[in-house]
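Structure record follows, encoded as structure tokens.
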Amino acid sequence: MAKLLRAAVLGPPGSGKGTICKRIAHSFGLQYLSSGHFLREGIAANTEAGMLAKTYIDRGMLVPDQVMTRLMLPKLEQLRNHSWLLDGFPRTLAQAQALNSLYQMDLVISLNIPYETLKDRLSDRWVHPASGRVYNMGFNPPLVQGKDDITGELLIQHDDDKPEALMARLRHYKELAKPVIDLYKSQGVLHSFSGTETDKIWPYINSLLSTKMHTQPSGAHPIQTP
Ligand SMILES: Nc1nc2c(ncn2[C@@H]2O[C@H](COP(=O)(O)OP(=O)(O)O)[C@@H](O)[C@H]2O)c(=O)[nH]1
Ligand SMILES: Nc1ncnc2c1ncn2[C@@H]1O[C@H](COP(=O)(O)OP(=O)(O)O)[C@@H](O)[C@H]1O
């Protein structure tokens, strides 16, 4: 059985996790799972977990660990015969330990982006709720302003992207992400990237994934998730 790739991208809100995960999934045919997207699906579907998550997200807080592991781990179990890439999970040490009890991570990418850049990006972030497709008026604008390229449906801005919510989110992110980053550093699988432009960081990530994927055929599956 070819060894499968287990990878994750960590970073504060607006750091480009989703943008980079989409590029990796597209270039390497990896299954891509976004914790934020699954949470928003639960909120849109009015599930019990979704309603609970919304109370935390609206206050710029992280959703409780047991809600996140109950949401994410069964999805990974369904993909046990595929390589996969995680966007935005794990975000706390408890989540990382729950993940590590089931899977040995091969590669964890940590994005270090300056606060001012995050603030500017999030103020221009527009999303298509149903698909999770993300746009940015400066970086990747929609073909028609305010409309999703594929469906033509209206784009929205997340309440938690507003500057006043960002400070809280960033503070929470930093204090909770540090032990996760230290854990993967101690396992020798962490790769950190700093900068203010995804297009400048991408070539390094691309070559890192190429090395990882070619040293262990991933059994990758060509189906993309949004
Ligand atoms: N100006 C600019 N915007 C970017 C860049 N990379 C990503 N973005 C946009 O910034 C916002 C945050 O990116 P996203 O991938 O959603 O970050 P995430 O919150 O970490 O998943 C989105 O609107 C992206 O389209 C970049 O290099 N420059
Ligand atoms: N792994 C996680 N653990 C706890 N909360 C999470 C997790 N992933 C996402 N969330 C919550 O959902 C919100 C949106 O997540 P996401 O879509 O990844 O956006 P961002 O990367 O901009 O924070 C986060 O701000 C956080 O409140």
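Atoms within each ligand, like the ligands themselves, are counted from 1 in listed order. Note that the numbering runs from 1 along the sequence shown for the chain. Not measured: the values here are computed from a predicted model.
Close N/O approach between Arg169 and ligand 2 is found [any backbone or side-chain N/O within under 3.5 Å]. Residue Arg125 has at least one N or O atom closer than 3.5 Å to an N or O atom of ligand 1. For a threshold of 3.5 Å applied to N or O pairs, the pair formed by Pro13 and ligand 1 contains no separation below that value. Polar contact with ligand 2: present for Met61 (N/O pair, distance under 3.5 Å). Residue Pro90 places no N or O, backbone or side chain, under 3.5 Å from any N or O of ligand 2. The N/O atoms of Gly88, backbone and side chain alike, include one that comes under 3.5 Å of an N/O atom in ligand 2. Of the N or O atoms in Gly138, none lie within a sub-3.5 Å distance of an N or O in ligand 1.
Side chains of Leu76 and Leu102 form no contact here, defined as non-hydrogen atoms less than 4.5 Å apart. Side-chain contact between Ser192 and Leu111 is absent, with no heavy atoms from C-beta onward closer than 4.5 Å.
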Criterion side-chain contact (heavy atoms from CB on, under 4.5 Å) on Thr211 and Leu209, from CA distance to verdict: CA-CA 5 Å; Thr211 315; Leu209 262 292; over 6 Å; no
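The nearest protein atom to atom 27 (O) of ligand 1, hydrogens excluded, is given as Thr198 N, 2.7 Å; this is a heavy-atom distance. Among protein heavy atoms, the minimum distance from atom 21 (O) of ligand 1 is reached at Gly18 N, 2.9 Å. Protein heavy atom closest to atom 17 (O) of ligand 1, with residue, atom name and distance, is Gly16 N, 3.0 Å. Of all protein heavy atoms, the one closest to atom 25 (O) of ligand 1 is Asn140 OD1, 2.9 Å. Looking from atom 24 (C) of ligand 1 to the surrounding protein, the closest heavy atom is Thr19 OG1, 3.8 Å. The protein atom (non-hydrogen) at minimum distance from atom 8 (N) of ligand 1 is Phe139 CD2, 3.5 Å.
Using a 4.0 Å heavy-atom cutoff, Arg40 is listed among the residues neighbouring ligand 2. The closest approach between any non-hydrogen atom of Gly11 and ligand 1 is not below 4.0 Å.
Taking all atoms of both residues into account, the shortest heavy-atom contact from Ile181 to Ser110 is CD1-OG, 3.6 Å.
Checked against the 6.0 Å centroid criterion, the rings of Trp84 and Tyr103 qualify as a close aromatic pair.
Salt-bridge check for Asp161 with Arg125: passed, with a basic side-chain N closer than 4.0 Å to an acidic carboxylate O. Salt bridge present: Asp160 and Arg169 bring a charged side-chain N and a carboxylate O closer than 4.0 Å.
By heavy-atom distance, the residue among Asn136, Leu10, Asp161, Leu122 lying nearest atom 9 (C) of ligand 1 is Asn136. Of all the listed residues (Asp87, Ile20, Leu111, Val134), Val134 holds the heavy atom that lies closest to atom 22 (C) of ligand 1. When the heavy atoms of His158, His172, Arg91, His37 are ranked by distance to atom 15 (O) of ligand 2, first place goes to Arg91. With distances taken over non-hydrogen atoms, the option nearest atom 8 (N) of ligand 2 out of Ala53, Gly14, Ser35 is Ser35.
Within a 6.0 Å sphere centred on CD of Glu175, heavy atoms belonging to other residues, nucleotides or ligands number more than 12. The environment of CD in Gln145 is sparse: at most 12 heavy-atom neighbours from other residues, nucleotides or ligands sit within 6.0 Å. Within a 6.0 Å radius of OH in Tyr204, no more than 12 heavy atoms belonging to other residues, nucleotides or ligands are found.
Checked by atom type, the side-chain pair Thr151/His128 shows a donor-acceptor distance below 3.5 Å.
The backbone N or O of Gly11 lies less than 3.5 Å from a partner atom in the side chain of Tyr173, making a donor-acceptor pair. In this structure, the side chain of Lys185 does not engage the main chain of Leu190 through any donor-acceptor pair within 3.5 Å.
Those atoms of ligand 2 with a heavy atom of Lys17 less than 4.0 angstrom away are 21 (O). Set against the non-hydrogen atoms of Pro12, the atoms of ligand 1 under 4.0 Å away are 20 (O). Those atoms of ligand 1 that come under 4.0 Å of a heavy atom in Glu197, given as number and element, are 27 (O). Counting atoms of ligand 1 from 1 in the listed order, those under 4.0 Å from a heavy atom of Lys17 are 15 (O), 17 (O), 18 (P), 19 (O), 20 (O), 21 (O). Close approach of ligand 2 to Arg125 is summarised as follows: ligand atoms under 4.0 Å from at least one heavy atom of the residue are 22 (O). Atoms of ligand 2 lying under 4.0 Å from at least one heavy atom of Gln95, given by number and element, are 1 (N), 2 (C), 3 (N), 4 (C).
No part of Trp126 comes within 4.0 Å of ligand 1, judged by heavy-atom distances. Using a 4.0 Å cut-off between heavy atoms, Leu39 contacts ligand 2 through its side chain alone, with no backbone atom that close.
Clustering ILVMFWY residues whenever any of their side-chain heavy atoms sit less than 4.5 angstrom apart, transitively, puts Leu208 in the very cluster that holds Leu85.
Atoms CG and CE, from Leu99 and Met68 in turn, are 11.5 Å apart once rounded to the nearest 0.5 Å.
Under the side chain to side chain contact (heavy atoms under 4.5 Å, CB included) test applied with Tyr135, the options Asp148, Asp124, Leu143 reduce to a single match, Asp148.
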